Protein chains: 2
Amino acid sequence: MATTLSQSARVRARRDVTIEHALVHAQAIVTEQGAGAVTVSEIARRLGMRAPSLYKYFPSLHSIYDALFARGNARVTAFVQAASQDAEPGLERTLASARAMVRWSMQEPGLAALLYWRPIPGFVPSEESFAPSRQMWEQWREDLRTAVRDGDLASSADSERAMRMLTVLLSGISSQQMANQPDASYDDGVFSSLTDEALEMFVRHHQPSGNTREKEAR
Amino acid sequence: MATTLSQSARVRARRDVTIEHALVHAQAIVTEQGAGAVTVSEIARRLGMRAPSLYKYFPSLHSIYDALFARGNARVTAFVQAASQDAEPGLERTLASARAMVRWSMQEPGLAALLYWRPIPGFVPSEESFAPSRQMWEQWREDLRTAVRDGDLASSADSERAMRMLTVLLSGISSQQMANQPDASYDDGVFSSLTDEALEMFVRHHQPSGNTREKEAR
DNA sequence: GTCTATATGTTGATAGAC
DNA sequence: GTCTATCAACATATAGAC
């Protein structure tokens with residue numbers, strides 16, 4: 001009994017390893033040639049197996065895209081979290097997360113395109129794969145609320161509308177950078193280097209009425 | 001001699017008509033299913049001809065994309081120009097053009113994606129096809145300069161940097177709208193309805209130092 | 001000049017042998 | 001789980017009818 005269980009556990013583990021390898025290759029293809037270049041055959045080729053065998057792990061190409069989408073969301077969430085964990089919750093962490101977001105998009109332009117645009121005809125990510133991004137969104141939303149409570153931003157910033165404006169700024173910067181100067185670094189990119197100015201613009205737009213008020217000491 | 005010339009002219013005209021029809025169909029496919037769904041076969045099918053015949057009009061699928069790109073640029077330029085022709089050169093026309101830009105992107109989401117993102121692996125638009133967009137860019141650049149001269153914006157707005165920021169705002173709004181709520185109208189879209197606020201934010205960011213100064217009468 | 005016919009190689013996907 | 005065989009659809013290209 002114990003043997004059977006451990007065997008099936010081993011089989012499942014092996015299976016998961018293969019799936020993981022497939023996704024690593026898929027991500028590499030995305031990075032090298034863009035999201036549209038992912039094919040079942042190419043992944044199978046890199047795995048050293050035949051294309052039909054991959055269908056034992058994924059029911060369709062779209063499901064591979066969905067897994068890639070989930071993976072990308074998990075990665076960007078982890079990256080942003082790591083980059084902002086030392087920042088103070090509130091405005092400071094909002095800005096740190098925002099910068100991290102643009103940085104990550106430039107590190108993983110293919111994945112970013114899959115996450116934030118819709119480059120694959122007919123592919124719509126599943127609700128599941130979307131989940132990590134909602135989590136990040138919530139954390140952001142909360143930081144804005146904190147920033148308002150701290151007096152760093154006007155109450156207008158504590159809103160879905162303000163969140164969307166922030167997304168607009170970040171996705172706009174990333175997409176223009178990727179489309180027009182894909183090989184630049186974060187600091188050299190003519191668009192990515194606008195990040196701080198865009199964030200300043202956003203903060204000024206939501207400046208609290210007591211304009212020159214200092215943040216109270218704690 | 002005259003007959004020969006007029007005949008060849010007619011042939012060229014017929015040829016151009018076919019090319020035009022092909023592009024109309026290609027654009028329809030883009031609108032219906034996204035840029036990645038354009039195939040030589042599908043265009044040929046809609047034209048009522050065999051796929052290989054299309055290769056007499058276009059050397060490759062990429063060249064069709066390039067023609068589509070040029071066509072899209074021409075269309076958006078015409079649309080923006082028409083929408084802003086009655087506006088006063090300077091800040092007013094900048095804002096009118098900006099709004100028109102977002103509106104057009106929502107009318108032609110597929111073409112907009114082709115123009116402002118890079119959804120097709122390996123496809124890079126030719127310099128020629130880019131030309132109309134540079135023209136629009138120049139007109140915008142000039143309107144910003146005029147706005148600064150008129151005292152409507154600070155001198156910081158008369159810069160490539162400010163132009164890029166404006167592009168970031170508009171492409172960000174369009175891309176987020178298309179990715180998250182593709183079927184909404186301009187007025188109902190949760191992102192497209194941010195357009196005016198984004199422009200306000202931009203204008204405030206470049207507010208001239210003499211803050212309350214009125215624009216001089218002419 | 002434009003078309004049809006045809007051929008090669010690739011794709012996503014399924015069925016079935018082992 | 002992996003393979004071969006197979007299918008339809010695709011991009012691309014050439015030969016040749018008209």
Side-chain angles (χ1 to χ4, degrees), chain A residues 4 6-23 25-26 28-30 32-69 114 119-124, chain B residues 3-23 25-26 28-30 32-69 114 119-124:
Chain A
T4 310
S6 117
Q7 257 187 9
S8 81
R10 267 217 307 281
V11 166
R12 208 168 42 239
R14 265 196 64 83
R15 203 183 142 77
D16 289 347
V17 166
T18 306
I19 289 176
E20 176 64 17
H21 282 167
L23 292 177
H25 286 303
I29 297 168
V30 164
E32 293 161 18
Q33 300 166 265
V38 175
T39 65
V40 176
S41 317
E42 181 60 24
I43 297 172
R45 200 172 297 126
R46 295 187 185 208
L47 278 172
M49 60 168 60
R50 302 294 153 193
S53 306
L54 247 189
Y55 282 87
K56 295 289 178 181
Y57 300 93
F58 300 94
S60 68
L61 180 60
H62 269 34
S63 76
I64 297 180
Y65 276 121
D66 201 54
L68 254 187
F69 190 96
L114 186 64
I120 309 300
F123 167 63
V124 179
Chain B
T3 323
T4 310
L5 279 175
S6 119
Q7 258 187 4
S8 82
R10 268 216 307 282
V11 165
R12 208 168 41 236
R14 267 195 63 82
R15 202 183 145 76
D16 288 347
V17 166
T18 306
I19 288 175
E20 176 64 16
H21 282 167
L23 291 178
H25 286 302
I29 297 167
V30 164
E32 294 161 18
Q33 301 168 264
V38 176
T39 65
V40 175
S41 314
E42 182 59 26
I43 297 172
R45 197 174 298 125
R46 297 187 184 208
L47 278 172
M49 62 168 61
R50 304 293 154 194
S53 306
L54 250 188
Y55 282 88
K56 296 293 177 177
Y57 300 92
F58 300 94
S60 69
L61 180 61
H62 269 33
S63 76
I64 297 180
Y65 277 121
D66 201 53
L68 255 187
F69 190 96
L114 186 64
I120 310 300
F123 167 63
V124 179

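Below, each value reflects all heavy atoms present in this structure, side chains not excepted, and no hydrogens, waters or symmetry copies. Throughout, a chain's letter reflects where its sequence line sits, starting with A, and its residues are numbered from 1. Fair warning: this is a prediction, and the values are worked out from it, not measured in the lab.
- Across dG16(D), dC3(D), dT2(D), the shortest atom-to-atom separation from the side chain of Lys56(A) is found for dT2(D).
- Nearest approach of Val38(B) to Val30(B), heavy atoms of both residues: CG2-CG2, 3.4 Å.
- Minimum interatomic distance between Ile64(B) and Ala26(B) (heavy atoms only, all atoms of both residues): CG2-CB, 4.4 Å.
- Residue-to-nucleotide proximity on DNA chain C shows that, of Tyr55(A) and Leu54(B), the 5′-proximal contact is made by Leu54(B).
- Across all their heavy atoms, Ile29(B) and Glu42(B) have their closest contact at CD1-CG, 3.4 Å.
- Atom-to-atom, CD1 of Ile120(A) to P of dG12(C) comes out at 11 Å; the value is rounded to the nearest Å.
- In the set dA5(D), dT12(D), dT2(C), dA5(D) carries the atom at the smallest distance from any side-chain atom of Pro52(A).
- Atom-to-atom, CG of Leu61(A) to P of dT14(C) comes out at 12 Å; the value is rounded to the nearest Å.
- Ser53(A) has a side-chain polar atom (N or O) that falls below the 4.0 Å cut-off from OP1 or OP2 of dC3(D).
- Within 4.0 Å (heavy atoms only), Phe58(A) reaches no atom of the nucleic acid at all.
- Nucleic acid contact class of Ser60(A) (heavy atoms, under 4.0 Å, all strands): sugar-phosphate only.
- The pair Arg46(A)-Glu32(A) meets the salt-bridge criterion, since a charged nitrogen lies less than 4.0 angstrom from a carboxylate oxygen.
- Using a 4.0 Å cut-off on heavy atoms, none of the residues of residues 35-46 of chain B approach DNA chain C.
- Proximity of Arg50(B) to the phosphate of dA5(C): no side-chain N or O atom is located under 4.0 Å from OP1 or OP2.
- Aromatic ring orientation, Tyr65(A) versus Phe123(A): tilted (interplanar angle from 30° to 60°).
- Side-chain contact between Ile43(A) and Phe58(A) is absent, with no heavy atoms from C-beta onward closer than 4.5 Å.
- Residue Arg15(A) contributes atom CZ, which lies 9 Å from atom C1' of dG1(D) at whole-angstrom precision.
- In this structure, His62(A) atom NE2 and dA13(C) atom C1' are separated by 13 Å, rounded to whole Å.
- Here the closest heavy-atom approach between residue Val40(B) and residue Ala51(B) is recorded as CG1-O, 3.7 Å.
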